[in-house]
Structures are given as structure tokens and as C-alpha cells.
Amino acid sequence: MLAHNVAVIIPVYRGLEETRRCIEAVLRHNSSERAQLIIIDDASPEPEVSAYLEQVAKQDGVELLVNEQNLGFVATVNRGMAHAGNADVILLNSDTEVTCGWLSRMQACAYREENIGTVTPFSNNATVCSYPQFNRSNSLPEGWTLEALASAFAQANKAQYADIPTAVGFCMYIRRDCLQQVGLFDVENFGRGYGEESDFCMRAAKAGWRNVICADVFVFHEGGVSFSDETRERIIHAEEVMNRLHPEYRFEVARFVSEDPLRRYRDAVDDLRIARLNDDSNVVISQLRTYRDSIIQSILEYKDFIDVEREQYQTMLAEARREFKRTDEGLAQAQAIVDKYVLAIEAKDREIAKLNHLLEEARVEFKRTDEGLFEAQRIVREYAEALEQRDRAIEVMSQQMDHYIKRNAVLEGKYPIVLARRIGSKIKRMITRLVKSS
């Protein structure tokens, strides 16, 4: 029995025979492990495939999800991983065939250390996890059945595992705690599928998780069924995206291929094969020679790759130096402009200080002017009052003068002329003094 809940997610698009072989192998070896099986029909264009999946879904422990339209591998497995709840997941291509005890050993490998996030088994067709030839697509060794070869891996590499730069998506175990932290596959950047598992593994590694190979499990992978319509443009796009998101990825893979740390696990299986079947030794030796030649070719290719990269980096370095020189010149010009503006700003600050001083003086002068205006208004009011008093005095004098004139006329008739003239002269002097005083 499995120690942790796990859901096996199989996305299906086409290929009835391969799909039947895959699902029946899972069901055959799941009787003791009791994993949840989630099959997703990604709008298969082959009616016989959909009909077969509907029949399989009637069995206990099998759940069938059907996409109304074709979503592609990435969105389809995302749906399955989300549907699995809190269980661990293992993504399994529909063109694979598993063997006895495959899942329990992969789960045991996943929990041997706290920071193991993904687990990948050996296979005949799994790039860096391939056997018998490394980084190649292989057939099963002549004279060996799948179960016999898987048993050889289980015996030769019992409980062994090692770090790899990325899981291989044909059969990929992901712990739920890793999945919760890292997130689902990136549909936006990888579309319908290719390179998405490498992106996930790089994100997991940056979060502190490890990607390992389970050396005691072997799963057959036919290859080319799930991605039979894959185009070169899609692969190139995935490489471009990986270079943009994780520029260190290709160098890590190239270094891994050059060092080949998984060779000791393949050698252990080779030794077991030789010990079991003497007649098989010639086949093993021939495969080792082929492997040696392939390693030499890989080294030569890697050397060419490094040479090309070196030239590219030299070109980039020269361009960077030129750019830095232009940048330094631009910075010097910018500094000169800044210094110029600093001086201009300081001059403006001095002018502003002078204007502030003049403004303060103006405020003081305005205050004095206001006080002078108030004093002038007071004098004007007093002068107006004096004029008003003068006008009243003139009016009174005029009235008095009329009175004296009238009285003089009366006196001229009663007194001598001399007396009248004397009174008239007195009146004139009074009027003259009044006018002068006004």
C-alpha cells in the first residue's frame, strides 16, 4: 500500500493500442498500490479511443474527465492536477507501459528526503534518463522483456537515486507540497506543450526543491504518439522561452550530459545482464561500444557548442564594452549638464533671495504708505471740516453785513453823513479781516 495519496493522471488524445496498453498496465499493477487513476480525454479525434475510455471509467478507482475542446497537454494535465485535490500526482503519457511496483518505489524515492520535489524513472526513451544508450531513443535489449529489464533495475539499483537538471515529462512524479509552492504548468508561455516540465523543474529548483531520478524503476516509453503532430517550430519556440526564462538551463543540461553522472546506474544493470546471460555479453559489449562512440560524438558536439557560445560571448563582450564606453561618455555629458544646471539653479536661488529681500522692503514701505494714507485721510477730513466751518462763518458774516448795510441806510437818514461813513469804514475792515482769516 502507498504511504501517501497519489493520483495517476493520463492525458489521452489519440492512439488506441498504445492507450490500451498503458491503462491496462496501470490497472494490472494498481491492485496492491490503490492509486487514484484520472484519465482525461482531450477531445480525441478518434471515436474508438473515446469509446474505450468510457468503458474503462466504469471500473472502480478510475475517473474520466472529458475536455469539450482540445486543450493540449499543458492545460489538460493542469486540469488533472487541480482535480486531484491534496494528493501527490504522477503524470503519465498514454504511450508508456509501467511494471510491477513502479509507483510504490517512485513514491518511496520522492520521500527519502524532505526537499525532493519531482521523480523520474529510467526508460528506453527519456533523453538523459535513457537506457541502454544515454540520451538516445532505444529499443528494449534483445532477448529481454520489459518486466525482466525492470526487475534488473530494481535489483541492481535498489533504493538508489540521483539529482538531474530536469524531470522528463513522460513519467513524472510531483509531490503535492512542491506543486502547491511552485504552481501549475505555465500554459501562457508553453501553449499546447513542449518544455513545460523543464520550466516547472527550474522553478522548483529555485524554490529549493530537487529533481531526481529513481534508479530502481524502469518504464517503457514508445514516444511520438502523444506529440505525433509536434512541429519543429514548436520545439524552437520552447527553447526560446526556456532561454528567456531560465538562461542557465541549457548550460546545466550540457554540463550534465558531458559528466554523465547516471552512467554508474546503467553500468550496474549491464553487469547484472552479463552475469545472468553469458550469451548477452556480446550484445552488452556492442552496446557499450556504441555508447562510447555516442559519448565521443556528444563531447565533440558539446565542444562545438562551447566554441560557438564562446564566439557569441566574445561578440557580446565587445559590444558590451562599446556600450559601456558610450554609456560612460553619456554619463560624463550628463554630469556636465547637471553641473551646469546646478550653477544655474544656484544663481536663481541668489536672485530669489534678493527678490525676497526686496519684497520684504516693499512690504515695510507699503506699511508706511498705508499709515501715510491713513494720516492724509485724517488731514483731509480735518480740512473739510475747517472749510465747512469757514463757509458757515462767511454765511454768518454775510448776514451781519446785510444787517449793517440796512442799518446804515437807516442811520443815513437820522445821523450826519460823517457818522454814517465812519460806521461804513468799520464794517469794511471787519469784512477784510474775516476774508483774510478764512
Side-chain angles (χ1 to χ4, degrees), residues 98-102 104-113 115-144 146-168 170-173 198 201 205 209-221 251-278 280-303:
V98 299
T99 54
C100 181
W102 71 289
S104 58
R105 291 199 296 276
M106 287 187 68
Q107 186 178 87
C109 180
Y111 284 91
R112 284 200 172 94
E113 296 190 46
N115 61 345
I116 293 179
T118 72
V119 178
T120 304
F122 271 103
S123 177
N124 60 298
N125 182 12
T127 59
V128 296
C129 302
S130 293
Y131 177 87
Q133 294 188 44
F134 171 60
N135 212 25
R136 294 287 188 273
S137 176
N138 305 276
S139 300
L140 292 179
E142 185 178 353
W144 284 76
L146 174 60
E147 289 290 348
L149 188 59
S151 178
F153 270 88
Q155 180 180 347
N157 299 318
K158 183 178 180 180
Q160 297 295 308
Y161 63 99
D163 289 286
I164 53 179
T166 177
V168 185
F170 80 103
C171 181
M172 179 179 178
Y173 190 111
S198 298
C201 290
W209 295 96
R210 294 167 60 191
N211 306 296
V212 304
I213 185 170
C214 182
D216 60 356
V217 175
F218 184 91
V219 173
F220 176 80
H221 180 213
F251 297 105
E252 292 184 9
V253 172
R255 181 170 57 252
F256 185 86
V257 171
S258 176
E259 296 174 356
D260 188 13
L262 305 184
R263 181 175 181 177
R264 62 191 181 100
Y265 302 118
R266 299 195 304 273
D267 287 346
V269 176
D270 289 341
D271 292 341
L272 190 147
R273 287 173 57 194
I274 293 173
R276 285 189 181 181
L277 297 174
N278 291 330
D280 199 33
S281 60
N282 291 331
V283 176
V284 174
I285 292 173
S286 175
Q287 290 175 346
L288 289 175
R289 288 174 178 171
T290 303
Y291 168 74
R292 179 199 63 190
D293 295 338
S294 68
I295 288 295
I296 293 174
Q297 182 63 31
S298 297
I299 292 174
L300 293 175
E301 292 176 357
Y302 182 61
K303 180 180 178 299

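Source: prediction; values computed, not measured.
- The side-chain heavy atoms of S123 and V168, taken from C-beta on, include no pair separated by under 4.5 Å.
- The side-chain contact (heavy atoms from CB on, under 4.5 Å) with C214 is formed by just one residue from the set I116, N157, V119; it is V119.
- Qualifying salt bridge (Lys or Arg N to Asp or Glu O under 4.0 Å) partners for R105, counting only residues two or more places apart in sequence or in other chains: none.
- In terms of heavy atoms, P132 sits closest to S139 at CD-O, 4.2 Å.
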Pair E147, C100 - check side chain to side chain contact (heavy atoms under 4.5 Å, CB included), show working. CA-CA 8 Å; E147 289 290 348; C100 181; 4.1 Å; yes
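- Side-chain contact between W102 and P121 is absent, with no heavy-atom pair separated by less than 4.5 Å.
- Here the two rings, on F122 and Y131, have centers that are 6.0 Å apart or farther.
- V128 is not listed as a side-chain neighbour of T120, based on a closest heavy-atom distance of 4.5 Å or more.
- Residues L262 and I164 are in side-chain contact: their nearest non-hydrogen atoms beyond the backbone lie under 4.5 Å apart.
- Side chains of R273 and D270 form a contact here, defined as non-hydrogen atoms less than 4.5 Å apart.
- When each of F218, F220, W144 is paired with F153, the ring-ring contact (aromatic ring centres under 6.0 Å, His included) condition holds for F218 and for no other.
- Between D260 and R266, some side-chain heavy-atom pair lies under the 4.5 Å cut-off.
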Stepwise side chain to side chain contact (heavy atoms under 4.5 Å, CB included) test for V269 and L149: CA-CA 9 Å; V269 176; L149 188 59; 4.3 Å; yes
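- Looking at S130, its side chain never comes within 3.5 Å of a backbone N or O of S137 through a donor-acceptor pair.
- Side-chain atoms of N211 and T118 form a donor-acceptor pair, as typed in the model, at a separation below 3.5 Å.
- Looking at N138, its side chain does come within 3.5 Å of a backbone N or O of N124 through a donor-acceptor pair.
- For D216 (side chain) and A159 (main-chain N/O), a donor-acceptor pair under 3.5 Å exists by modelled atom type.
- With Y265 contributing its side chain and Y161 its backbone, the two residues share a donor-acceptor pair below 3.5 Å.
- Atom-to-atom distance recorded for C129:SG and H221:NE2 is 12.0 Å, nearest 0.5 angstrom.
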